[in-house]
Amino acid sequence: MSFELPKLSYAYDALEPTIDAKTMEIHHLKHHQAYVDNLNNAIAGTELEGKSLEEIQKTGTDKPAVRNNGGGHYNHSLFWELLTPGGSKEPVGNVKAEIEKIGGFDKFKEDFSNAAKTRFGSGWAWLVKNSDGSVAVTSTPNQDNPLMPVADKQGTPILGLDVWEHAYYLNYQNRRPDYVNAFFDVINWDKVEELYNK
Ligand code: MN3
C-alpha cells in the first residue's frame, strides 16, 4: 500500500487572492506529487514500507530521501487542510486559551510571522503542541518538521506555513513578508483546534 496524493477539499482558485490558482495547482499536482512518488520509491522494500506517515517522520529521517520526501508529503498534506476560503480569522477553543498563555493572538502573529520571514532559504514555520498541552512557535529548514528527531524543537504540528519560494513566487515574487501576512486570511482555525484536541 503506497502513499497517494490527497485530494483538496476546495478548488485551486478558492484561496484567491491570498494564494493564486496557478500556484495551488502546481504546488499540489507537481511539487506534492513528486514528494509522494519519491517517498514511495525511497521506502519500497524497506522496513518503513507499510508504516504510517507519522511513524516515518519519527523513525525514518536518518535516510535523506525519506527525510526530504516523507517530510514533504507529511507537511503538504497537513498544510492543505489548514487552509480554507475566507479563513476563520481567530483561534478558537483550547488553542485560543493556550495562545493567550504565550502572550495572546497579536503576539503569536508577530512570533509566527517572524519565524516564517526569518527562516533562511526554504522551510516551514510551525505552531506545535507540546506534551504538556502548551503551544510554541518554531521553524524548520527544507522539508523537516517538529516530529523529526533532527528538529531543534520537538512537538506535534498543529499549524504550518510553507515558506519555500514555490509556495508564493508567482504572486508575491521576492515579497515573502506579504505572503506571510496574507496567510492569516485563510487559516482554518477549526482544523487547528481539531489537531490540538487529537
Ligand atoms: Mn511546498
Side-chain angles (χ1 to χ4, degrees), residues 2-43 53-54 56-57 60-61 64-85 87 112-128 137-148 150-152 155-188 191-192 195:
S2 37
F3 291 107
E4 290 178 2
L5 185 70
K7 291 211 170 18
L8 303 189
S9 63
Y10 43 80
Y12 289 131
D13 64 0
L15 304 173
E16 290 194 345
T18 304
I19 308 177
D20 64 283
K22 194 71 187 167
T23 296
M24 284 300 296
E25 183 179 349
I26 296 171
H27 202 176
H28 180 242
L29 285 183
K30 305 294 183 188
H31 291 277
H32 191 172
Q33 182 71 60
Y35 297 125
V36 171
D37 294 343
N38 291 331
L39 173 63
N40 286 331
N41 289 335
I43 63 174
L53 191 53
E54 285 76 14
I56 286 172
Q57 311 307 304
T61 49
V66 174
R67 178 176 173 178
N68 293 334
N69 296 292
H73 181 34
Y74 175 87
N75 296 348
H76 288 84
S77 298
L78 187 69
F79 185 52
W80 308 135
E81 294 198 320
L82 290 164
L83 304 173
T84 190
F112 187 90
S113 298
N114 282 337
K117 291 169 190 172
T118 60
R119 166 49 61 189
F120 185 75
S122 298
W124 291 74
W126 302 100
L127 179 66
V128 297
V137 170
T138 185
S139 74
T140 54
N142 304 312
Q143 294 297 354
D144 288 358
N145 63 57
L147 291 179
M148 295 181 179
V150 291
D152 292 340
T156 303
I158 58 172
L159 178 65
L161 175 59
D162 188 342
V163 295
W164 284 55
E165 280 191 346
H166 69 224
Y168 63 85
Y169 203 84
L170 290 182
N171 194 28
Y172 296 92
Q173 292 83 47
N174 62 320
R175 292 174 286 115
R176 188 193 288 187
D178 291 352
Y179 162 71
V180 172
N181 292 340
F183 168 66
F184 288 95
D185 294 335
V186 293
I187 297 175
N188 185 347
K191 184 69 191 181
V192 179
L195 291 168

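Numbers here simply count residues along the sequence, with the first being 1. Whatever order the structure lists ligands and atoms in, that order sets their numbers, starting from 1.
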Worksheet entry | Nearby protein N/O/S atoms (those under 2.8 Å) for the Mn ion (ligand 1), with water ignored | His27 NE2, His76 NE2, Asp162 OD2, His166 NE2
Practice prompt. Start with the C-alpha distance between Trp164 and His31, add both sets of side-chain angles, then the distance that settles side chain to side chain donor-acceptor pair (under 3.5 Å), and finish with yes or no.
Written response: CA-CA 11 Å; Trp164 284 55; His31 291 277; over 6 Å; no
Item to complete: May I ask you to decide if Ala151's main-chain N or O and Asp144's side chain share a donor-acceptor pair within less than 3.5 Å?
Response: no
Practice prompt. Over all heavy atoms of both residues, which pair between Tyr35 and Asn68 is shortest? Give the atoms and the distance, please.
Written response: CD2-O, 4.1 Å
Fill in: Heavy-atom closest pair, residues Val137 and Phe112
CG1-CA, 3.8 Å
Worksheet item: Do any N or O atoms from the side chain of Gln57 and from the backbone of Gly70 form a donor-acceptor pair under 3.5 angstrom?
Response: yes
Worksheet item: Counting only N and O atoms by type, is there a donor-acceptor contact under 3.5 Å from the side chain of Arg175 to the main-chain atoms of Tyr168?
Response: no
